[in-house]
Amino acid sequence: MHSLSALLISALLCQVTGEETIIGLYGETLEIPCNNGVIKAEEVLITQWKYDKADGLSGDLLVWQKNQNVSISATDDYKGRVSMAANFSLLLSAAKLSDQCTFTCLVAIGNIKEYPVNVVIYKSPAGLQISDKAESLAIGKRTKLGTCVAHDANPAANITWWKNRQPLMSDGNAIYIQTSVLVDPDTGLSSTSAMLEYSAKKEDTDAEFSCSTQPTVGAQLVSSLLTFTITYSTENVVLQVMAPEPLVEGDNVTLKCLADGNPAPTSFKFHLKGELVKVENGDSYTITNVSRDFSGEYNCSLIHNSTLGSSENVTVSYLDINLSPSGIIVRLAGETLDLSLQIDSSVVAKVSWTKDGVKLDKEPKFAKVVYSDSGSYECEVTMGLLTRRDSFELVVEGAPIIRQLSKQSGEDGRHKVLTCEAEGSPKPVVSWSINGTSLDESPFVNGKITHRITVVPATNLTVSCTVFNDFGFDTRAINVSSLFEEVRMDKQDQSDGSDQTKLVVGVVVGLLVASLVIGLAYWVYVKKSKHGSWKTGEIENGSSEEEKRLGESSQKAEV
Ligand SMILES: *[C@@H]1O[C@H](CO)[C@@H](O)[C@H](O)[C@H]1NC(C)=O
Ligand SMILES: *[C@@H]1O[C@H](CO)[C@@H](O)[C@H](O)[C@H]1NC(C)=O
Ligand SMILES: *[C@@H]1O[C@H](CO)[C@@H](O)[C@H](O)[C@H]1NC(C)=O
Ligand SMILES: *[C@@H]1O[C@H](CO)[C@@H](O)[C@H](O)[C@H]1NC(C)=O
Ligand SMILES: *[C@@H]1O[C@H](CO)[C@@H](O)[C@H](O)[C@H]1NC(C)=O
Ligand SMILES: *[C@@H]1O[C@H](CO)[C@@H](O)[C@H](O)[C@H]1NC(C)=O
């Protein structure tokens, strides 16, 4: 309506009919030249300026006659605003939009010539402002971002919206720009408004929005840069469990509810195994000194929307072991030891055993303890990063027993070595019935001890070994033959079947008459020795196995 009436008003005032056009700036003095200024002033007799009125008539403005002052005949709107320059240009002050019509200069030299000029008045916008600025932009929802207004321009300004130096165009979807022009009924000036509706994306968080206009005259106008908070509702909620690894009884656990969205939610609900806890202005909940009952599924969600939530399973690890018996355990050899290791754990644990620091293949069992069972036992129970240890020390005690009493010839044949092997605990004391030279005593390991002496028997001897400790004693005897007799027998043994003997026999046959008798006697003697009737039960040069067997049989006889 306004623009229509403004047009009517200006139409009533004047009319545009000419061909030459000049542009004037609104509010300033406009010079309208007469015939482009190509006039020889000295030849001019009369110059008159008039303008075309809307009704087809013309209005007089001023007249100049040679050697006279300018006579101003303007009425109405032009009164007081028109004057003429020396070169016959019409000077029109405080140009307005209603001045946009055809002004004609009539020049009388010999004849009369008319020079019509169209006047167009331009005005740059008074400024460029963004109004109705949105507080924030919601993602995916087309929101009115703002309205860019270019006030009081002629012709009406064209406004362009920009995002990060990229022009925005209406796309009928995410971007919608509605432009409208308002004409001031008094001045006829146009104000252009460009309203931008924009559907934001997450990446628009720091985007700079602005608008600009390129006026018909003058420099480009650019608005200030705007940024917006991009809001979006929560889409994801994650429950974060902050707990030491492994989580064991007595630890603290903090449950933290992480949610996206802008602004981010500030209040949450925690479901703690049936219990509901509301947390306002915070996202965390801490549980101190957890116990094994704490294990289970935990959940957090938005305080007003339980469907946006997240769950986590929390496991409190525990590992309790009970080894029975423990400490120092004393048993008599042959007794039973019932061992029990009870494990109470959150998941199946692994058990390993060591005895005196050496790994065992399986859990020890003691149906009947023996001396070698003595030692320090340790069990290690492992479950993930948790480890428990317990131990006991088993001491097997009992009266000593002689396991073996044996003899052996010394390498040089001049002494004998007697060995007494006994078992018992505490460490038995070993004593012999004769004075020998003590060779060595083995270390006391697994309840076993071995004692050796060397003897040089001048006669046949019966030697006994005695072992004793706090629990009792044991004794055993062995017959040891005289060394000298054995040496003699050794020589006879050696002569049997040797080449040397054959030679000696040959000499004897050649020299002695009674060789047959002696030979017979010798045969009888040899035959007798093969039956072993002369043997003492000892074989000095026999195989070691034979010797051992004989030794054993001699022991059995004594037991
Ligand atoms: C006419 O004279 C004015 C000053 O009086 C001058 O500014 C202007 O340029 C002149 N116009 C022409 C067309 O010569
Ligand atoms: C932790 O809880 C246990 C029982 O669950 C209790 O015996 C103990 O005293 C508590 N410790 C602390 C530091 O509160
Ligand atoms: C927690 O454990 C239960 C039972 O094992 C299972 O059904 C559930 O899916 C688990 N929850 C999560 C979040 O892993
Ligand atoms: C052993 O020697 C000691 C002295 O050294 C002596 O008194 C004791 O009679 C000897 N015993 C035997 C069995 O020879
Ligand atoms: C020693 O024993 C052997 C056989 O047992 C016997 O032949 C020998 O005569 C005995 N010697 C003495 C001195 O008793
Ligand atoms: C040791 O010799 C004696 C006789 O000298 C005999 O009675 C005993 O049985 C012999 N012992 C062994 C173990 O040979």
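Just the heavy atoms: all of them, side chains too, but no hydrogens, waters or symmetry mates, feed the values below. Each ligand, and each atom within it, is numbered from 1 in the order the structure gives.
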One pair to check against side-chain hydrogen bond (donor to acceptor under 3.5 Å, both in side chains): K269 and S306. What are the steps and the verdict?
CA-CA 8 Å; K269 273 189 295 195; S306 298; 2.6 Å; yes
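Side-chain N/O atoms of T229 and S136 include no donor and acceptor closer than 3.5 Å. Of the N and O atoms on the side chains of S311 and N299, at least one donor lies less than 3.5 Å from an acceptor on the other residue. No donor-acceptor contact under 3.5 angstrom links the side chains of Y176 and D171, judged on distance only.
Close N/O approach between N87 and ligand 1 is found [any backbone or side-chain N/O within under 3.5 Å]. Residue S311 places no N or O, backbone or side chain, under 3.5 Å from any N or O of ligand 3. Ligand 3 has a nitrogen or oxygen under 3.5 angstrom from a nitrogen or oxygen of E297.
Heavy-atom minimum distance, L332 versus V369: O-CG2, 3.3 Å. Shortest non-hydrogen contact noted between V183 and G188 is CG1-O, 3.4 Å.
Annotation for ligand 3: atoms under 4.0 Å from non-hydrogen atoms of N313 are 1 (C), 2 (O), 3 (C), 8 (C), 10 (C), 11 (N), 12 (C), 14 (O).
Residue-level contacts of ligand 2 at the 4.0 Å heavy-atom threshold are N289.
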Give every donor-acceptor pair under 3.5 Å between a side-chain atom in residues 127-135 and any protein atom, sequence neighbours left out.
| from | atom 1 | to | atom 2 | distance (Å) |
| --- | --- | --- | --- | --- |
| S131 | OG | T147 | O | 3.4 |
| D132 | OD2 | K144 | NZ | 3.2 |

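Ion pairing between K368 and D373 fails under the 4.0 Å rule for side-chain N and carboxylate O.
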